[in-house]
A.B. asks: 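Here's a structure for you.
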Amino acid sequence: MEVKIVNKSHHNLPAYATELSAGMDIRANLTEPVELKPLERKLIPTGLYISLPEGYEAQMRPRSGLALKHGITLLNTPGTIDADYRGEIGIILVNLSSEPFIINDGERICQMVIAAHSQVSWKPVEVLDETERGAGGFGHTGKK
């Protein structure tokens, strides 16, 4: 699938790191380093603008290395970029560690996965179909 992209950053276009990668690394596009203090959140610009086909979204997901090594993750994960959004992609990072973290220009801050989705139309009913699980909620499955 081809997706139109405007790259106003000073970095290469996002790319898959390996042949079977699901996500592409997204880089910070900064004029100077940004400090994220413990429990602080900031919107980090990417310089990227995309036009997705109808029926697709871009999911912005944390990078496991940043999460494990530094406690840096996305606040609204996965963040969704809708097919009709035309603004700059911004990434809301949060520092869940007890140490400040510096984000440098060009740093890989998240990954983007392009995924198909469906829209539904609601059909109001009085009763739902029966299932084996029924109304069993959190922690219910697998418990005997």
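Predicted model, so just to flag it, every value in this text is computed and none were measured.
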A.B. asks: Over all heavy atoms of both residues, which pair between Gln111 and Gly23 is shortest? Give the atoms and the distance, please.
C.D. replies: OE1-CA, 3.8 Å

A.B. asks: Contact between Ser51 and Val3 at the side-chain level, heavy atoms closer than 4.5 Å - yes or no?
C.D. replies: no

A.B. asks: List in chain and number order the residues that pass side-chain contact (heavy atoms from CB on, under 4.5 Å) with Val125, two or more places apart in sequence or in another chain; answer none if no residue qualifies.
C.D. replies: Lys123, Leu128

A.B. asks: So, taking the atom named CG in Asn29 and the one named CD1 in Ile44, what distance separates them when rounded to the nearest 0.5 Å?
C.D. replies: 11.0 Å

A.B. asks: Report yes or no: do Leu68 and Ile109 belong to one cluster of Ile/Leu/Val/Met/Phe/Trp/Tyr joined by side chain heavy-atom distances under 4.5 Å?
C.D. replies: no

A.B. asks: Walk me through it: do Lys37 and Asn95 pass the test side chain to side chain contact (heavy atoms under 4.5 Å, CB included)?
C.D. replies: CA-CA 7 Å; Lys37 295 181 176 94; Asn95 182 352; 5.8 Å; no

A.B. asks: Would you name the heavy atoms of Ala83 and Pro53 that are closest together and state the gap between them?
C.D. replies: CB-O, 3.6 Å

A.B. asks: Minimum heavy-atom separation for Met60 and Cys110, please, with both atom names.
C.D. replies: CE-SG, 3.9 Å

A.B. asks: In the hydrophobic cluster built from side-chain contacts under 4.5 Å, what are the other members alongside Val120?
C.D. replies: Trp122

A.B. asks: What distance separates Arg41 CZ from Leu74 CG, expressed to the nearest 0.5 Å?
C.D. replies: 13.5 Å

A.B. asks: Do any pairs count as a salt bridge (charged side-chain N to carboxylate O under 4.0 Å, His left out) and have a residue in residues 113-122, sequence neighbours left out, and if so which ones?
C.D. replies: none

A.B. asks: Hey, what else clusters with Val127 if you join Ile, Leu, Val, Met, Phe, Trp, Tyr whenever side-chain heavy atoms sit under 4.5 Å?
C.D. replies: none

A.B. asks: What closest approach, in Å, do Ser21 and Ala17 show between heavy atoms, and which atom pair accounts for it?
C.D. replies: OG-N, 3.8 Å

A.B. asks: Tell me, please, which residues at least two apart from Lys8 pass side-chain contact (heavy atoms from CB on, under 4.5 Å).
C.D. replies: Val6, Tyr49

A.B. asks: Please name all residues satisfying side-chain contact (heavy atoms from CB on, under 4.5 Å) with Ile102, sequence neighbours left out, ordered by chain then number.
C.D. replies: Pro33, Glu35, Asn104

A.B. asks: Considering all heavy atoms of both residues, which atom of Glu107 and which atom of Leu66 are nearest to each other, and what is their separation?
C.D. replies: OE2-CD2, 4.0 Å

A.B. asks: Checking Leu13 now: which residues fulfil side-chain contact (heavy atoms from CB on, under 4.5 Å) with it, not counting sequence neighbours?
C.D. replies: Ile5, Asn7

A.B. asks: OG/Ser9 to CD/Glu88 distance, rounded to the nearest 0.5 angstrom?
C.D. replies: 9.0 Å

A.B. asks: In Å and rounded to the nearest 0.5 Å, what is the CD1 to CZ distance from Ile26 to Arg61?
C.D. replies: 12.5 Å

A.B. asks: Between Arg27 and Thr46, is any side-chain donor less than 3.5 angstrom from a side-chain acceptor?
C.D. replies: no

A.B. asks: Mind checking salt bridge (charged side-chain N to carboxylate O under 4.0 Å, His left out) for Asp105 and listing every partner two or more places apart, or none if nothing turns up?
C.D. replies: none

A.B. asks: Could you grab the distance from atom CD1 of Ile50 to atom CG of Leu52, nearest 0.5 Å is fine?
C.D. replies: 4.0 Å

A.B. asks: Kindly say whether Glu99 contributes a backbone atom to a donor-acceptor pair with the side chain of Ser97 at under 3.5 angstrom?
C.D. replies: yes

A.B. asks: For Arg108, check salt bridge (charged side-chain N to carboxylate O under 4.0 Å, His left out) against everything at least two apart and list the hits.
C.D. replies: Asp25

A.B. asks: According to ring pair (Phe, Tyr, Trp, His ring centres under 6.0 Å), does anything in residues 65-102 pair up with another residue at least two apart or in another chain? List the pairs.
C.D. replies: His70-Phe101

A.B. asks: When clusters are formed from ILVMFWY side-chain contacts under 4.5 Å, directly or step by step, what else is grouped with Leu43?
C.D. replies: Leu39, Leu75, Ile92, Val94, Leu96

A.B. asks: For residues 71-83, pull every pair meeting side-chain hydrogen bond (donor to acceptor under 3.5 Å, both in side chains), keeping only residues two or more places apart or in separate chains.
C.D. replies: Glu57-Thr80

A.B. asks: Give a yes or no answer on whether the side chain of His11 reaches the backbone of Ala28 with a donor-acceptor pair at less than 3.5 Å.
C.D. replies: yes

